[in-house]
2 protein chains.
Amino acid sequence: MGFAETFKALSEPIRREILILLRQGSLSAGEIGSHFDLTGATISYHLSQLKKADLVLESRQKNYIYYELNTSVLEELMLWLSQFKEEER
Amino acid sequence: MGFAETFKALSEPIRREILILLRQGSLSAGEIGSHFDLTGATISYHLSQLKKADLVLESRQKNYIYYELNTSVLEELMLWLSQFKEEER
DNA sequence: ATAGTATTTAGATAATATTCGAAATAGAAT
DNA sequence: ATTCTATTTCGAATATTATCTAAATACTAT
């Protein structure tokens with residue numbers, strides 16, 4: 001929903017790293033957090049930004065919350081970018 | 001230089017619109033500004049952000065400053081995004 | 001040299017974003 | 001029911017961003 005949110009979400013290095021971690025498969029919030037020197041609260045905030053941008057999906061299992069990539073928005077982004085490709089003009 | 005700047009630059013609708021305007025060819029700062037209801041100072045600020053992100057190049061002619069697209073960074077961005085394509089994994 | 005036009009820079013302000021510690025919620029397990 | 005673990009939400013502090021007006025710079029043309 002809107003390139004503004006998507007690009008803003010991707011502008012933070014930590015959030016891009018989270019997405020790269022999730023390429024391997026889904027991870028819980030805690031597992032994601034263990035890769036960074038930030039509090040759980042901060043990780044949770046970044047995950048909420050990624051979720052708001054529709055870049056990740058969450059699913060609850062036991063008392064964990066798992067996050068996984070949602071590649072569809074990234075594909076839309078590539079489509080937007082492709083309008084600038086030399087060939088196209 | 002650095003995806004952070006690039007994504008941040010692209011997160012503002014006005015800056016994305018400026019890039020789209022520049023698909024047609026180079027424009028002076030004033031011509032760009034005429035498309036928006038913002039002061040020249042603000043346009044100049046946005047152009048400086050795009051320049052900082054290497055998304056545009058500037059060239060001076062007479063007492064105008066012309067801006068043009070620099071597509072190379074956009075291509076790097078597509079490359080970064082392509083790591084998330086389903087096919088690749 | 002002076003005046004005019006185009007653009008940027010500086011300084012101020014308001015809005016938004018990032019981070020933390022502490023408290024709250026949700027669910028699991030005893 | 002109580003406790004434990006995982007995660008989020010709240011409130012506050014700090015930093016960053018977007019915007020404006022006014023002043024400065026750069027170049028042109030008279």
- Message: Can you list everything that forms a side-chain hydrogen bond (donor to acceptor under 3.5 Å, both in side chains) with B:Glu68? Sequence neighbours excluded, please.
- Response: none
Nearest-Å distance for atom pair [atom1]/[atom2], residues [X] and [N]:
X	N	atom1	atom2	answer
B:Asp37	D:dA18	CG	P	18 Å
B:Glu31	C:dT7	CD	C1'	13 Å
A:Tyr64	D:dT8	OH	C1'	16 Å

Using a 4.0 Å heavy-atom cut-off across all strands, classify [X] as base, sugar-phosphate, or nothing.
X	answer
A:Tyr67	sugar-phosphate
B:Gly40	base
A:Leu38	sugar-phosphate
A:Ser28	sugar-phosphate

- Query: Which residue, B:Tyr45 or A:Ile65, contacts DNA chain D at a nucleotide closer to its 5' end, judged by nearest heavy atom?
  - Reply: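 It is A:Ile65 whose nearest nucleotide is closer to the 5' end.
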- Task: Just say parallel, tilted or perpendicular for the rings of A:Trp80 and A:Phe7, cut-offs at 30° and 60°.
- Result: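 A:Trp80 vs A:Phe7 ring planes: perpendicular.
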- Task: Go through D:dC20, D:dT7, D:dT9 for me and flag the one nearest to the A:Ala41 side chain.
- Result: D:dT9
- Would you state whether a donor and an acceptor, one from the side chain of B:Asn63 and one from the base of C:dT5, lie under 3.5 Å apart? yes
